[in-house]
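Report on one structure; see the data block that follows.
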Amino acid sequence: MAISHETEWFYGLQQAVQKAKQLKQKVLFSVVRKIDDIDPLSFYQAGRERYVGERFYWQDPEKELIIAGLGIVEKIQVKADANRVRKIEASWTELQKNAVKAGVSGVVGTGPLVFGGYSFDYNKTDSLLWDQFGDSLFYIPAFMLSIVKGQAYLTTNIVCTSEDQANLFKDLINERENDIRNRLTNVTVSENETLEQIEDDPEGWKKIVAEAVSHMKHSELDKVVLARELRLVFKERIETVAVLSRLLKEQTRSFIFCLESAGDCFIGATPERLVKKHGDELFSVCLAGSIARGKDVRKDKQLEQELLHDQKNLLEHQYVVSMIKDALSSVCTKLEVPKEPTVMKNRHIQHLYTPVSGECDANVSIFDVIGKLHPTPAMGGLPTENAVAWIRDNEQLERGFYASPIGWCDSYGNGEFAVGIRSALIQGNEASLFAGCGVLEDSTPESEYEETAIKFNPMLSALGGNLHE
Ligand SMILES: C=C(O[C@@H]1C=C(C(=O)O)C=C[C@H]1O)C(=O)O
Ligand SMILES: [Mg+2]
């Protein structure tokens, strides 16, 4: 991690401090340098002591972009209300207004970047379990490693105030970067014994599914996604780097993410993109309808065919396609949606899958799209408002950031958000795992229960719990 071209960026830093003094406001300074290859997980691990509770990780399924962030220079959280998506965007825009950028420019996923997410339902945020996350949590990291199509970049961010001195900052940055470099070591994963695996009232959960089904028969509600929680207790503190490492090995076709906040960590391997924005191009995914993987190729193919022809799963999927199509047509000039779903296969499960791509109007931001899409009927249900209200009143758990948008946006307006499913909240030596399923009028509680059991497997495997076979 060479600290080269120091004079080049020191000039930018001086400018930022100057600006802060003139404006009597905080000014963000950001420098991007191309660096030699570093393993992003080692980088994440190197922040274990100094930045614990202030780290994030992101990797998309194609590995076009991997980012690991350490430290927080600015945290953005807003009040829980219907305007929260716009308010986060407004704070982020405000911070960029006077920002001074130095070094490499124009590379997606480098430079000033905000990473974070929202809770599922802004109307239900008084959760003790999620008190470190609140209703929304985004932050701009102090140090960020980005691997963009194989090339490594290091971004260093600083928020300057009118009292700051550029010289002191320079020494601080150098010292901190050296410290990270000195701590880079290979990640080794040790076993952590599971003491308890607690499933909270499975029969009660099936009853709620049955109630949803009977409610659907007498109301406008067509679909509702119901989730349940599994709680694991381990002998020792869970190392998030170990969990990330296993997820990276096992869930190669998913987004791998984690977001730390104080002592807690929200982590997962989700197969489901909410939105990706690259320039004016937009991408989303309709993912709903599920079946197990087969033990061998023949059985797997048979299950795939079953899924592709199952009326309940096809309708469950179709609800998502219609809603996403409608929501995106309002912001897109071009929109492509295949007529028939195909099948996405992950390590433990297969899903009906319809990719969506389009071109959006120039003034549309990724936050506009999040506002339009969340929650899709893959996470909430249909009609959206009725489904979310039903979940709020009946589901026996605190979703927090589960099933909600999580991702990043850079200063060029590019970004990507996935929905945080196949995920867990890690707290010390305990973990809460979440899994949900789309309930329709012809759902049976037993098969929905089975489907959620399979959906726990990615996190169970990464944590070292007992898998559902
Ligand atoms: C809600 C979850 O998954 C969602 C529900 C699905 C379904 O019911 O078939 C499939 C994929 C996801 O959109 C979850 O994994 O927790
Ligand atoms: Mg389903």
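Note that the structure is a prediction, hence the values are computed from the model and not measured. All ligand and atom numbering here is 1-based and tracks the order in the structure.
Salt bridge Lys79/Asp135: absent, no basic N to carboxylate O contact under 4.0 Å. Taking the charged nitrogens against the carboxylate oxygens, Arg399 and Glu395 do have a contact shorter than 4.0 Å, which makes a salt bridge. Salt bridge status for Glu49 with Arg183: present, with a side-chain N to carboxylate O gap under 4.0 Å.
Just one residue in the list Trp58, Phe115, Phe266 forms a ring pair (Phe, Tyr, Trp, His ring centres under 6.0 Å) with Phe257, and that residue is Phe266. Among Thr354, Val369, Ile324, the single residue meeting the side-chain contact (heavy atoms from CB on, under 4.5 Å) criterion with Ser284 is Ile324. Residue Asp300 forms a salt bridge (charged side-chain N to carboxylate O under 4.0 Å, His left out) with just one option from Arg293, Arg347, Lys295, and that option is Arg293.
For Met379, the heavy-atom gap to ligand 1 drops under 4.0 angstrom. Put simply, part of Glu451 is less than 4.0 Å from ligand 1, judged by heavy atoms. At least one heavy atom of Ala288 sits less than 4.0 Å from an atom of ligand 1. At least one heavy atom of Ala435 sits under 4.0 Å from some atom of ligand 1.
For ligand 1, the atoms sitting less than 4.0 Å from at least one non-hydrogen atom of Cys437 are 8 (O), numbered in the order shown with element in parentheses. Set against the non-hydrogen atoms of Ser290, the atoms of ligand 1 under 4.0 Å away are 6 (C), 7 (C), 9 (O), 10 (C). Within the listing of ligand 1, atoms 10 (C), 11 (C) sit less than 4.0 angstrom from a heavy atom of His351. Which parts of ligand 1 touch Leu287 is read off a 4.0 Å heavy-atom cut-off, strictly below it: atoms 11 (C), 12 (C), 13 (O). The atoms of ligand 1 that sit less than 4.0 Å from any heavy atom of Gly289 are 7 (C), 9 (O).
At least one side-chain heavy atom of Trp390 sits less than 4.5 Å from a side-chain heavy atom of Leu226. At a threshold of 4.5 Å between non-hydrogen side-chain atoms, the residues Ser254 and Asn346 count as touching.
Relative to atom 3 (O) of ligand 1, the option among Lys223, Arg422, Glu272 with the closest non-hydrogen atom is Arg422. Of all the listed residues (Phe434, Tyr402, Tyr353), Tyr402 holds the heavy atom that lies closest to atom 16 (O) of ligand 1. Nearest-heavy-atom check against atom 6 (C) of ligand 1 across Arg399, Lys455, Arg228, Lys312 picks out Lys455.
Between Phe417 and Phe138, the ring-plane angle classifies as tilted under the 30° and 60° cut-offs.
Shown here is Arg48, whose CZ atom has no more than 12 heavy atoms of other residues, nucleotides or ligands within 6.0 Å. Heavy-atom contacts from other residues, nucleotides or ligands closer than 6.0 Å to NZ of Lys63 number more than 12.
Excluding waters, the set of protein N, O or S atoms lying under 2.8 Å from the Mg ion (ligand 2) comprises Glu316 OE2, Glu451 OE2.
Because its NZ or CZ atom is both nearer than 6.0 Å to the ring centre of Tyr449 and within 45° of the ring axis, Lys206 counts as a cation-pi partner of that residue. The side-chain tip of Lys75 does not point at the ring of Tyr139 from less than 6.0 angstrom away and within 45° of straight on. In this structure, Arg55 is positioned above the aromatic face of Tyr44, its NZ or CZ under 6.0 Å from the six-membered ring centre and within 45° of the axis.
When heavy-atom distances to ligand 1 are checked against a 4.0 Å cut-off, Ala378 comes that close through both its backbone and its side chain.
Residue Glu316 places at least one N or O, backbone or side chain, under 3.5 Å from an N or O of ligand 1. Considering backbone and side-chain N/O of Gly438, one or more are found under 3.5 Å from N/O of ligand 1. Of the polar atoms of Ile421, none of the N or O atoms is found under 3.5 Å from an N or O of ligand 1, judged by distance alone. By the 3.5 Å distance cut-off applied to N or O atoms, Val225 is not counted among the residues near ligand 1.
Using a distance-only test at 3.5 Å, with no hydrogens or angles considered, a donor-acceptor pair links the side chain of Ser261 to the main chain of Gln132.
Among all non-hydrogen protein atoms, the one lying nearest atom 2 (C) of ligand 1 is Gly436 O, 3.3 Å.
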